[in-house]
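These notes are about the structure you will find just below.
Letters go in sequence order (proteins before strands), and every chain restarts at 1. Only heavy atoms go into these numbers, but all of them, side chains included; no hydrogens, no water, no symmetry mates.
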Amino acid sequence: MMLTASSGHKGLPSMPAVSRTPVLSVRNVGVEFPTRHGLLTATEGVSFDIAPGEILGMVGESGAGKSLTGMSVIGLLEPPGRLSAGEIWLESERIDTLSLRERQRVRGRKIGAIFQDPLTSLHPLFTVGKQLCETIRYHLGLDKKAARARALELLNQVGIPGAEQRIDHYPHQFSGGMRQRVVIALALAAGPSLIIADEPTTALDVSVQAQITALLKQLCRENGTAILLVTHDMGVIAETADRVAVMYAGRVVEIGPALDVIQRPRHPYTQGLMNSIPSLKIRAEALNQIDGSMPRLDSMPQGCAFHPRCSFAGPRCAKQRPPLAAVGENMSAACWLHQGGVNGDA
Amino acid sequence: MATPENAEIMVVADKVTCLFDVSAPLLNRLIERQPRRTLRAVDGVSFEVKRGTTVSLVGESGCGKSTMARLLVGLHRPTSGEIRFPGEGGRPRVQMIFQDPYASLNPRWRVRDIIAEPIRTLNLRSGEDATRDRVDELLVLVGLSPRDGEKYPHEFSGGQRQRISIARALATEAEFLVCDEPTSALDVSVQAQILNLMRKLQQELGLTYVFISHNLSVVRHMSDRVAVMYLGRIVEEGEANAIFANPQHPYTKLLIDTIPNLEDPNRDRKPLGGEVPSPINPPPGCAFNPRCGLATDRCWKERPELMRQSDGQNVACFVADTRIPFEETVLVSEEV
Ligand SMILES: Nc1ncnc2c1ncn2[C@@H]1O[C@H](COP(=O)(O)OP(=O)(O)OP(=O)(O)O)[C@@H](O)[C@H]1O
Ligand SMILES: Nc1ncnc2c1ncn2[C@@H]1O[C@H](COP(=O)(O)OP(=O)(O)O)[C@@H](O)[C@H]1O
Ligand code: SF4
Ligand code: SF4
Ligand SMILES: [Mg+2]
Ligand SMILES: [Mg+2]
């Protein structure tokens, strides 16, 4: 199954991103929507790397820009949405400037996509075997027989029992969890070096969720695949991601090793988010809540977008926007508290 | 009849069963010679909810939680067994809160009219001024402002819409709310706001909740008691603290073991295999046996009943220490 250029460090725990050339490098990317009332900036200045065999988790509330970031990488931004700035590099090739046809090649061959609803990725009228074989033949140029053999291998790899019979079944004949496995098999078909998984387990039961995340981790370890895992479930992040990026109002506000971000977050928004999760150990009288809600795109406050809700905010926060900057060794946060204080001048 | 003993009890589910006919259309059945098929969505479920408390139903998808919820509010009739409201005055006002607040709010009505509708229909206030005051009061109660009443549902975020549907439920003067995954579509930070609101309203108004969620830490936070369902049956029921600290049934243990602990996550988790079997063809004996590490021969032949343990928890499993049949101890019988 050595299909990816980057495979070759089987079973190794993932290493810090700096030590190897990243599979994916997102540099200062923004997404905008031209509307009748002017240009809406949906995301801005988004930067991160993912190393081979690394899982980068991405969290943040609904509307924060997680899916748009994933879609920009896959090259599936829905018009009129478009990139406003930045560069996207995949294995040393710049992909955001490619032609439509070239992007399509990259999409299936080098980037696999998994979405929340498995049915959006599967055609209801074709058997899963047919869909897998088409993809394999298109991207790898195998003949019919070899493609079917590879399809079977993939279905076995993602843990579908009785793959020999089930390969000729239609998507509706599978349970939700099994369908998501088929989608993962489809995403893996061409041996991609990067997988974008947008809420892949949100629609599934906890027990099935655990099975799917274990599968993603295993693929990542065995094939050296890099994974961008978008989810709002901190539990999934804690058990799956190596690093995590927290998005708020279209920007990455904190990024660092998963356990550090979860257990010792530096950004006040991440702190609030972590504190609002009910604990299994103690039954608190009330949960910590962040009052208010995330600003809408057309009414972004000046300065730090979190300042209207932040209990640490100072005069500087309402005027200047804090950049994402290193806090300690592996972490970065976009907050004045860690960059000279909230009282500094504008 | 109500006695001091049971006056405290809001609702009793007594051996409630709900079957659905899932047969193929008649013609297909005749051609393909298929028999009629029934699905046991809820199968002999008994529990009770004390006034002013919260009982949660948990379990994997398809285990019958929503069907039980619909039975409690009267949207389904039990095939057998019954739902009783033993309190004085008979059936209380019952309302349901759904996962998707948007789907349950009329998009063409102003929020003010959405909330006022039950007040008008049930004649709870006389005159438009009184109705208006009541709507303002409800909006403030759920953390919105009277001005929000003039807007339409689409102008609100998911969390705010859930506040609106809670306000509408309270407009009926409901004492008993059945909440089916009320925060599952919301972000964790918004979820915290709604859960805090629900707890506050419960304390202030003495509301009774049946709460359904697949998120066990949310259930832990909200519940006084928890009933764990598997394939239409309750396999464990007890005080929430006890269930989480000391789960007895192998399935409850499995569920609790799968929740990641953020303070000390298990990054090498071996997922427990198996999926929920079909409720159309449940396995014989204990329905959990195909996934159970403790199953013995007996588990394939006999079905364990819910039994009261010495520590007060109710468990349906042969391996757990069984004492007294559940129905004889907890349920309030009609004749008392
Ligand atoms: N077609 C569009 N036109 C205008 N704005 C859009 C469009 N698509 C997305 N947006 C906006 O861009 C922002 C980010 O959207 P995105 O879908 O990436 O959020 P998300 O973090 O994935 O949220 P969710 O968790 O709800 O999917 C949101 O404010 C959204 O309303
Ligand atoms: N109206 C119906 N007709 C047929 N089957 C139904 C109906 N409503 C629910 N079911 C079935 O009953 C079982 C329990 O459903 P439900 O209570 O909705 O589960 P959940 O725990 O996910 O809420 C499922 O197998 C479901 O498919
Ligand atoms: S920059 Fe200021 S407002 Fe923003 S998170 Fe930091 S302290 Fe809060
Ligand atoms: S009765 Fe048997 S199969 Fe069922 S949970 Fe107990 S040990 Fe497992
Ligand atoms: Mg999204
Ligand atoms: Mg349901």
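- By the 6.0 Å contact criterion, NZ on B:Lys50 is open, its count of non-hydrogen atoms from other residues, nucleotides or ligands being 12 or less.
- For B:Ser157, no part sits under 4.5 Å from any heavy atom of chain A, backbone or side chain.
- Looking at B:Arg199, its side chain does come within 3.5 Å of a backbone N or O of A:Glu285 through a donor-acceptor pair.
- Summarising the geometry, atom CD belonging to B:Glu263 is positioned 11.5 Å from atom CG belonging to A:Leu259; distances are rounded to the nearest 0.5 Å.
- Interatomic distance, CG of B:Asp268 versus NZ of A:Lys217, reported as 6.5 Å (0.5 Å rounding).
- Interface remark: B:Ser184 contributes no atoms to any contact with chain A (heavy atom separation under 4.5 Å).
- Ranked by heavy-atom pairs under 4.5 Å with chain B, the first of A:Leu273, A:Leu287, A:Asp291 is A:Leu287.
- Looking only at atom types and distance, the side chain of B:Gln191 has no donor-acceptor partner in the side chain of A:Gln289 under 3.5 Å away.
- No part of B:Gln160 comes within reach of chain A, as not one of its non-hydrogen atoms sits under 4.5 angstrom from that chain.
- The part of B:Leu255 that comes within reach of chain A is its side chain, from C-beta onward, which places non-hydrogen atoms under 4.5 angstrom from that chain.
- Between chain A and the residues B:Ala240, B:Gly159, B:Ser223, B:Gly143, the most heavy-atom pairs under 4.5 angstrom are made by B:Ser223.
- A heavy-atom distance below 4.5 Å is found between the side chains of B:Leu262 and A:Ile277.
- At a 4.5 Å heavy-atom cutoff, the contact between A:Asn288 and chain B is made by backbone atoms alone.
- Of all heavy-atom pairs spanning A:Ser62 and B:Asp187, the tightest one is N-OD2, 2.7 Å.
- For A:Ser279, the part lying under 4.5 angstrom from a heavy atom of chain B is the backbone only.
- Listed options B:Ser217, B:Ala245, B:Gly158 were ranked by heavy-atom pairs under 4.5 angstrom with chain A; first place goes to B:Ser217.
- We find the CE-OG distance between A:Met274 and B:Ser189 to be 11.0 Å, quoted to the nearest 0.5 Å.
- Contacts between A:Ile262 and chain B at a heavy-atom distance below 4.5 Å involve the side chain alone, from C-beta outward.
- Within the model, atoms CD of A:Glu239 and CZ of B:Arg267 stand 8.5 Å from one another, a figure rounded to the nearest 0.5 Å.
- In this structure, B:Gln193 and A:Gly292 approach most closely via the heavy-atom pair NE2-O, 3.0 Å.
- Proximity to chain B (any heavy atom under 4.5 Å) is shown, for A:Leu215, by neither the backbone nor the side chain.
- Looking at A:Ala286, both its backbone and its side chain come within 4.5 Å of chain B, counting heavy atoms on both sides.
- Heavy-atom neighbours of B:Arg37 CZ from other residues, nucleotides or ligands within 6.0 Å: at or below the threshold of 12.
- In this structure, chain B has a heavy atom under 4.5 Å from the backbone of A:Thr240, while its side chain stays farther away.
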